[in-house]
Amino acid sequence: MHQPKRQPESVEGNLPVFVFPTELIFYADDQSTHKQVLTLYNPYEFALKFKVLCTTPNKYVVADAAGAVKPQCCVDIVIRHRDVRACHYGVIDKFRLQVSEQSQRKALGRKEVVATLLPSAKEQQKDEEEKRIKEHLTESLFFEQSFQQENRTVSSGPSLLTVFLGVVCIAALMLPTLGDVESLVPLYLHLTVNQKLVAAYILGLITMAILRT
C-alpha cells in the first residue's frame with residue numbers, strides 16, 4: 001500500500017532551521033572575505049522553500065535569495081558585501097532565513113545570522129590573542145591561589161602519622177630500661193638506653209616539625 005508523503009507537523013515558526021555558519025565576519029582589508037557562503041540544511045523528509053531577508057539590503061548582494069532545498073539535502077547561499085566603508089565598521093546587521101513548505105505560504109521556521117564588518121583581520125587576531133592571554137593569566141592566577149590555599153590547609157596542623165610517631169616515642173620513653181628488676185612491666189618491653197636515645201631523638205624532630213607548622 002502506498003503511504004502518503006509525510007507532512008511537517010510543526011506549528012508556524014517552530015520548525016528548527018539548520019544554517020552554518022551562524023555569524024558572518026567581513027574584513028575590509030581582505031577582499032576574499034567580502035564574499036561569504038551560508039549553507040542551509042534540510043534534514044527533513046519533505047522539501048522546503050526558503051527566503052533570505054536582511055535588515056540592510058542595500059549593503060549586501062544575496063545570490064539566490066529565494067529557492068528550494070530537497071529533502072535531506074543542502075543548498076549554498078552566496079552573500080557579498082558591496083558597501084565596504086569605515087562608517088560601517090562594527091555595525092551588526094542581521095539576515096533572516098525563513099523556510100516554509102513548498103505548498104504553503106506561512107513560515108514554518110526562522111533563523112537569524114548576524115553579519116559584521118571589521119577593519120582588519122590582523123587586528124581581530126591580535127584582539128583574540130590578547131583575550132586568550134588574559135584568560136590564561138586569569139586561570140593561572142586562580143590555580144596558584146587554589147594551590148596556596150590547599151598548602152595552607154595541609155600545613156595548618158600535624159598529620160596523623162606525625163602524631164602517631166610522637167605517641168609511640170613518648171610511650172617508648174616511659175617504658176622501663178633494660179636491667180630494671182623492680183619493674184612490673186614484662187621483660188620483653190624493657191628497652192635499652194640506646195633505644196630510648198633514638199626515641200628521644202625522633203621525638204625531638206617531631207616536636208620541631210610541629211612547631212614549624
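Atom set for the values below is all heavy atoms of this structure, side chains included, hydrogens, waters and symmetry mates excluded.
Within a 6.0 Å radius of NZ in K49, other residues, nucleotides and ligands contribute more than 12 heavy atoms. Within a 6.0 Å sphere centred on CD of E112, heavy atoms belonging to other residues, nucleotides or ligands number more than 12. Heavy-atom contacts from other residues, nucleotides or ligands closer than 6.0 Å to CG of D64 number 12 or fewer.
Residues F26 and H81 bring their aromatic ring centres within 6.0 Å.
Note that the NZ atom of K94 and the OG1 atom of T55 stand 8.0 Å from one another [nearest 0.5 Å]. Remark: K111 NZ to F95 CZ distance equals 15.5 Å, nearest 0.5 Å. Interatomic distance, D76 CG to F20 CZ, rounded to the nearest 0.5 Å: 11.5 Å. The CD atom of E23 lies 5.5 Å from the OG1 atom of T116; values are rounded to the nearest 0.5 Å. Atom CZ of R110 is separated from atom CG of N14 by 9.5 Å, given to the nearest 0.5 angstrom. Taking OH of Y60 as the start and CD of Q36 as the end, the distance is 10.0 Å to the nearest 0.5 Å.
A donor-acceptor pair under 3.5 Å links the side-chain atoms of N42 to the main chain of F46, judged by distance alone. With hydrogens and angles ignored, the 3.5 Å screen pairs a side-chain donor or acceptor of Q195 with a backbone N or O of T192.
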Problem - Check against side-chain contact (heavy atoms from CB on, under 4.5 Å), V91 and K59 - result: CA-CA 11 Å; V91 177; K59 293 167 58 175; 4.2 Å; yes
Handout entry: Step-by-step side-chain contact (heavy atoms from CB on, under 4.5 Å) determination, L173 to L203
Key = CA-CA 10 Å; L173 293 175; L203 182 60; 3.9 Å; yes
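Taking hydrophobic clusters as Ile, Leu, Val, Met, Phe, Trp and Tyr residues chained together by side-chain heavy-atom distances below 4.5 Å, L161 shares a cluster with I206. At a threshold of 4.5 Å between side-chain heavy atoms, the hydrophobic network of Ile, Leu, Val, Met, Phe, Trp and Tyr places F50 and F18 in one connected group.
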